[in-house]
Amino acid sequence: MFEFDADDIAQRSSTGTLPTKTQVDELVAAAHARYATLEEGVVADYIPILAEADPAWFGLSVVGVDGTAHEAGDTGIAFSIQSISKAFVFALVCDELGHTVVHEAVGVNNTGLPFNSVVAVELNDGSPMNPMVNAGAIATTALLPAGHADERWQRIRDGLSRFAGRQLALDGEVYRSESFTNHRNQALARLLQSYDRLAIDPVEAVDLYTRQCSLAVTAHDLAVMGSTLADGGVNPVTGERVISPESARDTLALLASCGMYERSGEWLFEIGLPAKSGVSGGIVAISPGKGAVGAFSPRLDPAGNSIRGQRACAYLSRALGLNLFASDPQPLVSPSALAHEGVRS
Ligand code: GLU
């Protein structure tokens, strides 16, 4: 069981809005200070370049749906977005093709198995199962309508940039490092092809997927991107509508069930938020109608989730009242008070 270490923080209910700016600033700083010295976990190295990350990096950003940012630590350090791209590419594809197509073509159920599992595909008659595991993400990327590979890539990069509110750049070193070593993703794409589950050529699909994972973002970018999902698909900083409210809703539902690898149930139980993490150490956690947390710290647990990032999210979920499931009872209204107001039962 993962220790989220926020049991002593009182759970504020999710009703209403974020606390005041000063309070959020203080709580973000407190969460950062509390976990900044934690040294558990290991930096990912199965993509060789990721091993060069400084394990001490730790950035925490909260962006509210009014566009206000609250930040602590290394929120300006760029890192590759990795699996977090899956959430936003899914949002774009869902927005383009609709709820039913992505549901049928990819699926929406958790595999309960690691993100790069081949067995999960085999156990499910070739279904990639959901867009947050590698097989499902490759299948989802392949669905994005475009005339050719360059156009598909432009659409992905421009779409993720609109979520971030700035033009995102490809980290060429990460792209090359991952392209040389992503044999397993190539195998997954071939497996999907053998089940007739891939809309484009597998080499092109894996290349696009590798590029999307190599886009460079900061913890601040993740918070803005998440806050766009929290704000019904409108970027709260630029004011641009990126996707429809329905596609934002569908993306958040998927993140709640599948966003945190095989720890998604445990995460939802403890933290109560749709979220997505990536092996470079990023996490985005979204509180619909309120805003989002962007966290970055490269030390990971065995499932691939940033340890400091998870703990900071647990802290902020409680202290800021983000947990979707934490409600306050409404005061009871007595029948006589209703009668006094002219309401009859
Ligand atoms: N690009 C990485 C891979 O395909 C993403 C993994 C992750 O962040 O979960 O292995």
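Worth knowing before you read on, the calculation uses all heavy atoms, side chains too, and leaves out hydrogens, waters and symmetry mates. Predicted model only: the values in this text are computed from it and were never measured. Note that ligands are numbered from 1 as they come in the structure, with each ligand's atoms numbered from 1 the same way.
- The shortest contact between atom 9 (O) of ligand 1 and any protein heavy atom is with Tyr261 OH, 2.4 Å.
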Should Thr210 and Asp207 be marked as a side chain to side chain donor-acceptor pair (under 3.5 Å) after you check the CA-CA gap, both sets of side-chain angles, and the distance that decides it? CA-CA 5 Å; Thr210 308; Asp207 183 60; 5.6 Å; no
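- Of the candidates Asn130, Thr140, Asn134, Asn134 is the only one forming a side chain to side chain donor-acceptor pair (under 3.5 Å) with Lys86.
- A salt bridge is absent between Arg308 and Glu40; no separation between the charged side-chain nitrogens and carboxylate oxygens falls under 4.0 Å.
- Thr75 contributes no side-chain N or O that, together with a main-chain N or O of Ala72, makes up a donor-acceptor pair within less than 3.5 Å.
- The distance criterion of under 3.5 Å between nitrogen or oxygen atoms is met by Tyr46 with respect to ligand 1.
- Between the side chains of Asp95 and Ser244, at least one donor N or O sits under 3.5 Å from an acceptor N or O.
- For ligand 1, the atoms sitting less than 4.0 Å from at least one non-hydrogen atom of Cys213 are 1 (N), numbered in the order shown with element in parentheses.
- On a distance-only criterion, Gln82 and ligand 1 share at least one N/O pair closer than 3.5 Å.
- Here Asn116 has no heavy atoms under 4.0 Å from ligand 1, in either its backbone or its side chain.
- Ligand 1 places these atoms under 4.0 Å from at least one heavy atom of Tyr209: 1 (N), 2 (C), 3 (C), 4 (O), 5 (C).
- Of all protein heavy atoms, the one lying nearest to atom 7 (C) of ligand 1 is Ser83 OG, 2.7 Å.
- Contact atoms of ligand 1 toward Gly278: 8 (O) (distance under 4.0 Å to a heavy atom of the residue).
- Contact annotation for Glu178 and ligand 1: only side-chain heavy atoms (C-beta onward) come within less than 4.0 Å of the ligand.
- Contacts between Val279 and ligand 1 below 4.0 angstrom, taking non-hydrogen atoms only, involve backbone and side chain alike.
- Here the CG atom belonging to Asp5 is positioned 4.5 Å from the OH atom belonging to Tyr35, to the nearest 0.5 angstrom.
- Screening Pro298, Ser280, Ser297 for a side-chain contact (heavy atoms from CB on, under 4.5 Å) involving Val43 leaves a single residue, Pro298.
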